[in-house]
Asks: 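One structure, as structure tokens, below. Some questions next.
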Amino acid sequence: MLIRGKATLNGQIEVSSSKNAILPILAASILTDSEIELAKVPKINDVTIIGTLLEQLGKQISKQDKKMVLSGKVISHHPPYDLVRQIRASVLVMGPLLARLGKVRVALPGGCAIGSRPIDLHLKGFHALGAEINLRSGDLIAKATNGLRGAHVYLDYPSVGATENVMMAAAMADGLSYIENAALEPEIVDLANFINRMGGKISGAGTNVIKVEGVKEFKGVKYVPIPDRIEAGTYMVAVAATKGEARINNVIPEHLKAVTAKLIESGAEVIENRNHVEVRRVSKIKPVYIKTLPYPGFPTDMQAQFMAYLSRAQGSSIISESVFENRFMHVQELCRMGADIKSEGKIAIIKGAKKLTGAQVKASDLRAGAALVIAALMAQGNTILLESQHVDRGYEDIAAKLNAMGAQIDSEP
Ligand code: EPZ
């Protein structure tokens, strides 16, 4: 990806549906054989990979522009390793497969660029629901030969994936389940709404205690996932970083309170409307302190993008990454562009630099890639972003969307 510097982003941009809402919803389609129709599905690689995985399990999937239709019964309980290793979200098929087939065999998720990311809390939940868990030559095998039964599941950490996986497993368990210390993310609420529309009985999603009453069968539904709050936040930061003025459409402002607050603190103006926000910078970038936290705290998925923006602040900012243990891979790449950042453990100190200059840099993961795009738009000169396929995993048409606002990005230089 080739990105020309000194861009100013003005105009309008449309946010796509949430990657992190759609991926668990796709997994939840395993809970029924009936037809599920999802609208406004973004063309991003993570959706393609999960779609292929579901087809390998036995689902029929048809796509027509942004509409995705899934139907049919899963017949395999063992998703293929070559797909599982490509995307951590594939672990989300474990709960639904356990619920539907009473067993699942899946390769242990490999670590990825942002840390080891174990699934111990997922397994603790399945075990509480009556599943027997074994490890066999690198694969996890979970079995519930007599079916799952409702239980109290306490999550040591409000893990998004564990909350989603346990919710999906409990949705067909015999009796009542309670997930305590559950994650509060909007994507959890969207998944619960989707399952309830299929006939599920889930209450409390969005709070830290979720009650799930198991049901025997689900029906087909049509559903539109929520907008992607991280894509929206990324573009809000990009507009502020390039001293532009723009309207970000298809946004739920409530989902972005922490990002909006930090943008305003840093010297931007954010006007919240019913389903869009307007952003513009009204002063030089002011340094801020950020600590990433589970929702509704500042999202870890916005940490890299904010760091790029703060690399041109008038002073030093501090970022504490409390969610993942290794989510500063973008620091060294930003420093190659002239940023002055020191990171040690979970803390990074960003000393505002006079300028950034274009360079050849590499994306290590999705959000680090987005951060480097923002830095490249601010920099003097051109930037070549290597491994930019990471960005395409979660940002639909990012080059076209930013070019429509005045950027000059060539996806295939
Ligand atoms: C989801 O990942 C998102 N992915 C991530 O977005 C996001 O960063 C993360 O939640 C936190 O908000 C999807 O929704 C597909 P977690 P997930 O379980 O579920 C530890 C992006 O850029 N943990 O809440 O994997 C874990 O190691 C991606 O879109 C355990 O220790 O996140 C991490 O330190 C990146 N044991 C912390 O909890 C477990 O069993 C948060 O992980 C599970 C998690």
Side-chain angles (χ1 to χ4, degrees), residues 16-28 42 44-47 49-50 53 84 86-95 106 108-128 133 140 142 153-169 179 181-191 208 225-226 228-234 255 258-259 292-305 321-330 346 363-371 390-396:
S16 302
S17 295
S18 164
K19 165 179 85 77
N20 292 349
I22 288 172
L23 294 178
I25 283 172
L26 286 171
I44 52 176
N45 204 21
D46 275 12
V47 169
I49 298 172
I50 292 292
L53 189 150
V84 168
Q86 290 181 45
I87 177 169
R88 173 180 166 86
S90 49
V91 76
L92 294 173
V93 302
M94 291 186 77
V106 65
L108 264 173
C112 71
I114 60 176
S116 62
R117 300 179 78 182
I119 58 167
D120 55 312
L121 300 177
H122 301 237
L123 302 178
K124 180 180 172 187
F126 298 149
H127 184 258
I133 316 269
L140 272 170
V153 176
Y154 177 79
L155 295 178
D156 303 351
Y157 180 89
S159 152
V160 172
T163 303
E164 291 165 343
N165 236 339
V166 173
M167 187 199 287
M168 290 187 281
I179 307 172
N181 196 27
L184 313 180
E185 272 72 1
E187 294 76 25
I188 307 268
V189 178
D190 211 29
L191 176 62
N208 50 25
I226 54 171
D228 195 314
R229 60 192 170 94
I230 303 300
E231 182 191 7
T234 302
H255 291 171
V259 174
T292 66
L293 287 166
Y295 193 87
F298 189 92
T300 174
D301 291 349
M302 281 299 306
Q303 180 257 107
Q305 300 90 309
E321 171 53 64
S322 83
V323 176
F324 288 107
E325 77 265 13
N326 177 27
R327 202 170 195 175
F328 284 147
M329 312 281 275
H330 41 284
K346 297 197 166 208
S364 52
D365 66 270
L366 165 62
R367 307 304 175 185
H390 283 291
V391 181
D392 298 328
R393 291 186 62 148
Y395 290 94
E396 183 180 42

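What you are looking at is a predicted structure, and each value in this text was computed from that prediction instead of being measured. As the structure lists them, so they are numbered: ligands from 1, and atoms in each ligand from 1.
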Asks: Hey, are the side chains of I119 and R88 touching, using non-hydrogen atoms and a 4.5 Å cut-off?
Replies: yes
Asks: Hey, does Y395 have a side-chain heavy atom less than 4.5 Å from the side chain of R367?
Replies: yes
Asks: G369 and A363: which non-hydrogen atoms are nearest, and at how many Å?
Replies: CA-CB, 3.7 Å
Asks: Should V323 and Y157 count as side-chain neighbours, where that means a heavy-atom distance under 4.5 Å?
Replies: yes
Asks: Collect the protein residues that have a non-hydrogen atom under 4.0 Å from ligand 1 and hand them over in chain and number order.
Replies: K19, N20, R88, I114, R117, P118, I119, D120, L121, H122, Y157, S159, V160, G161, T300, D301, V323, F324, R327, L366, R367
Asks: As an exercise, state the distance from CZ of F126 to CG of L121, rounded to the nearest 0.5 Å.
Replies: 11.0 Å
Asks: Using a strict 4.0 Å threshold on nitrogen-to-oxygen distance, state whether E396 and K19 make a salt bridge.
Replies: no
